[in-house]
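Below, each value reflects all heavy atoms present in this structure, side chains not excepted, and no hydrogens, waters or symmetry copies. None of these values were measured; they are calculated from a predicted model.
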Amino acid sequence: MSDKVVTRFAPSPTGYLHIGGARTALFNWLYAKHTGGTMLLRIEDTDRERSTEAATAAILDGLTWLGLSWDGEAVSQFERAPRHREVAEELVRLGKAYYSYETPAELEAMREAARAKGLPPRYNGQWRDRDPSEAPPGLKGAIRIKAPTEGETVVHDRVQGEVRFPNKDLDDFIILRSDGNPTYMHAVVVDDHDMGVTHIIRGDDHLTNAARQTVIYNAMGWDVPSMSHIPLIHGADGAKLSKRHGALGVEAYRSMGYLPEALLNYLARLGWSHGDDEVMSIKDMIGWFDIGDVNKGAARFDFAKLEALNGVHMRKMDDHALFDIFVATLPYLEGGPALAARLDDQKKAQLLAALPGLKERAKTLVELVDGAGFLFAERPLPVDEKAAALLSGEARAVLRGAHATLTAVSGDWTAATAEAAIRDFAQAGGHKLGAVAQPLRAALTGRSTSPGVFDVLAVLGREESLARIADQID
Ligand code: GLU
């Protein structure tokens with residue numbers, strides 16, 4: 001056996017890839033990348049009633065958007081049912097499991113009786129030691145594992161530490177139902193073993209399952225993988241994560257204009273840290289991540305922090321890379337499709353040229369759509385209220401002068417030539433620079449805030465700039 005690390009992400013396709021699932025996938029992916037191992041993907045679609053194709057597609061799409069790639073084909077758990085059955089029957093042959101024949105009503109009565117005695121409602125093991133020849137004829141029976149009755153089952157968890165479960169609390173749980181279908185508990189163990197998974201990293205809501213699954217591993221004589229149960233994400237107020245807190249599918253984060261890299265950075269830092277480093281590239285995370293460093297305490301999700309971090313990533317990002325992500329994300333962003341529809345080559349060039357100024361003022365790609373709006377606006381521009389206030393009678397007179405000055409600019413039309421002309425004009429007329437720049441900005445963008453006004457002039461070009469200014473002085 002090689003020492004290569006094999007992790008897996010094993011979502012149940014009953015809904016979108018939510019933010020907690022994305023973090024579990026990220027930790028599996030980072031650990032695999034950090035150790036030079038692989039991450040596998042298994043779709044836990046054994047529950048036929050709740051699993052849907054659409055959910056599977058949404059999960060794959062979410063992982064792909066985040067760049068959390070898996071190795072090989074995704075495995076369908078449901079398709080492996082014959083193998084789950086085979087192992088369950090093998091356990092019966094080995095004397096480690098047995099058939100039991102209670103009807104649902106009998107099981108309910110058993111639980112009632114236990115409750116009446118103040119005991120936990122557990123299976124009483126009545127078929128455990130009976131001879132199979134006593135089985136009621138014609139009935140198939142469910143297969144139950146013979147759980148140990150004394151001592152304890154210990155889960156050696158790299159996040160939670162050593163977690164001990166008294167065996168008297170574990171009953172002989174079902175591994176194969178009487179209809180021949182495996183239980184979730186059993187399927188996970190058989191799949192993880194067959195897929196060669198060396199490290200299980202998942203939410204700590206699965207910690208008690210780890211004890212039961214250990215019983216199955218031991219019964220088969222299989223090695224128990226390394227276990228890491230990571231704390232769930234809570235809201236900023238410490239309560240369980242709800243929609244309001246950000247318990248949304250990752251596609252909602254795409255629509256809100258977060259960059260995959262920023263979201264991954266934020267999720268990685270939820271419950272894990274590397275010194276004081278807040279801003280990390282994917283490469284940094286891969287280099288620094290170790291599952292053993294994840295905290296035991298619940299992590300708190302905070303939108304304000306995510307947004308601030310996203311702004312930092314946007315400003316740091318190379319303009320061409322940001323441009324590509326922005327254009328690819330446009331269809332999902334509020335106001336994005338309208339922009340995408342008008343993104344011809346000229347607009348693309350303008351957008352790229354304006355990006356350095358635009359990204360200084362945006363924390364998300366949605367804010368970038370908003371900021372870039374002036375590039376796409378049609379004359380005469382709609383002017384918002386604050387901008388209208390900058391276009392008072394006096395300001396219009398200044399604007400008229402600025403228009404004449406800019407019209408006279410000969411040679412190249414650049415931010416530098418425009419700036420030189422406007423500065424000369426302001427000085428000659430005894431105006432403060434702002435008294436010229438503000439109405440100019442309002443006329444050029446219809447807004448009171450924008451990238452630097454000289455950059456705006458350069459990006460829009462001579463003809464469009466002069467026309468927009470003229471629209472406000474006539
Ligand atoms: N399918 C389970 C879930 O979505 C995960 C099981 C596991 O990781 O072992 O929560």
Side-chain angles (χ1 to χ4, degrees), residues 257 311 314-315 326 330 333-343 346-347 349-407 409 413-427 429-474:
M314 276 174 60
R315 286 191 286 282
F326 182 56
L330 274 179
L333 301 172
E334 196 184 308
L339 226 116
R342 299 170 51 204
L343 202 60
Q346 190 209 357
K347 290 275 183 271
Q350 286 182 322
L351 183 58
L352 189 58
L355 212 45
L358 289 172
K359 72 181 186 183
E360 290 302 322
R361 286 163 188 79
K363 291 195 292 298
T364 66
L365 298 180
V366 169
E367 289 182 8
L368 206 53
V369 168
D370 190 52
F374 76 89
L375 290 173
F376 295 79
E378 303 263 8
R379 293 183 38 228
L381 255 55
V383 175
D384 74 17
E385 215 176 304
K386 282 189 183 159
L390 296 171
L391 292 168
S392 63
E394 205 177 315
R396 268 169 215 264
V398 174
L399 207 50
R400 205 166 284 125
H403 183 264
T405 304
L406 288 170
T407 307
V409 169
W413 180 269
T414 64
T417 54
E419 178 167 0
I422 292 296
R423 280 189 187 278
D424 285 349
F425 165 73
Q427 203 173 22
H431 308 295
K432 282 193 178 139
L433 188 61
V436 186
Q438 286 291 69
L440 262 182
R441 164 175 290 124
L444 292 167
T445 69
R447 300 287 193 90
S448 57
T449 58
S450 76
V453 74
F454 305 117
D455 291 325
V456 169
L457 283 163
V459 167
L460 287 175
R462 184 194 309 258
E463 202 185 325
E464 179 71 15
S465 296
L466 291 175
R468 288 188 184 191
I469 300 166
D471 286 342
Q472 300 304 327
I473 53 185
D474 292 341

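- Nearest heavy atoms, Gly257 versus Leu333: CA-CD2, 3.6 Å.
- Applying the side-chain hydrogen bond (donor to acceptor under 3.5 Å, both in side chains) criterion to Ser450, with sequence neighbours excluded, gives Arg441.
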> Are Leu457 and Glu419 close enough, and set up right, to give a side-chain contact (heavy atoms from CB on, under 4.5 Å), and what steps lead you there?
Replying inline: CA-CA 9 Å; Leu457 283 163; Glu419 178 167 0; over 6 Å; no
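- For the pair Leu433/Ile422, a side-chain contact is recorded, criterion being any heavy-atom separation below 4.5 Å from C-beta on.
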>> What verdict does the side-chain contact (heavy atoms from CB on, under 4.5 Å) test give for Phe374 and Leu460, after you've listed the backbone C-alpha separation in whole Å, the side-chain angles of each residue and the deciding distance to 0.1 Å?
In response: CA-CA 9 Å; Phe374 76 89; Leu460 287 175; 4.2 Å; yes
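- Note: Leu381 CG to Gln472 CD = 7.5 Å, rounded to the nearest 0.5 Å.
- In this structure, Leu358 and Gly371 approach most closely via the heavy-atom pair CD2-O, 3.3 Å.
- At least one side-chain heavy atom of Leu351 sits under 4.5 Å from a side-chain heavy atom of Leu375.
- Shortest non-hydrogen contact noted between Gly446 and Ala387 is O-CB, 3.3 Å.
- The local environment of NZ in Lys347 is crowded, with over 12 non-hydrogen atoms from other residues, nucleotides or ligands closer than 6.0 Å.
- Between atom CZ of residue Phe454 and atom CG of residue Leu440 there is a gap of 7.5 Å, rounded to the nearest 0.5 Å.
- Rounding to the nearest 0.5 angstrom, the gap separating the CH2 atom in Trp413 from the CG atom in Leu466 is 4.5 Å.
- A donor-acceptor pair under 3.5 Å is absent between the side-chain atoms of Arg468 and the main chain of Arg379, judged by distance alone.
- No side-chain donor-acceptor contact under 3.5 Å links Arg342 to the backbone of Ala338.
- In this structure, Ile469 CD1 and Arg396 CZ are separated by 13.0 Å, a value rounded to the nearest 0.5 Å.
- Judged by distance alone, the side chain of Thr405 and the main-chain N or O of Ala421 form no donor-acceptor pair under 3.5 Å.
- The distance from atom NZ of Lys432 to atom CD of Gln438, rounded to the nearest 0.5 Å, is 12.5 Å.
- Scanning all heavy atoms of the two residues, the minimum distance from Leu399 to Ala443 falls at CD2-CB, 4.0 Å.
- With contacts defined as side-chain heavy-atom distances shorter than 4.5 Å, the pair Glu360/Pro451 does not qualify.
- Within the 4.5 Å cutoff, the side chain of Leu368 has heavy atoms near those of the Leu355 side chain.
- Put simply, CZ on Arg315 and NZ on Lys363 are 8.5 Å apart, with the number rounded to the nearest 0.5 Å.
- Residue Asp455 comes nearest to Ala415 through the heavy atom pair OD1-CB, 3.7 Å, listed as atom of the first residue, atom of the second, then distance.
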> Going through the checks in order, is the salt bridge (Lys or Arg N to Asp or Glu O under 4.0 Å) test met by Asp370 and Arg447?
Replying inline: CA-CA 11 Å; Asp370 190 52; Arg447 300 287 193 90; 2.9 Å; yes
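- The two atoms that bring Ala402 and Val436 nearest to each other are CB-CG1, 4.2 Å, heavy atoms only.
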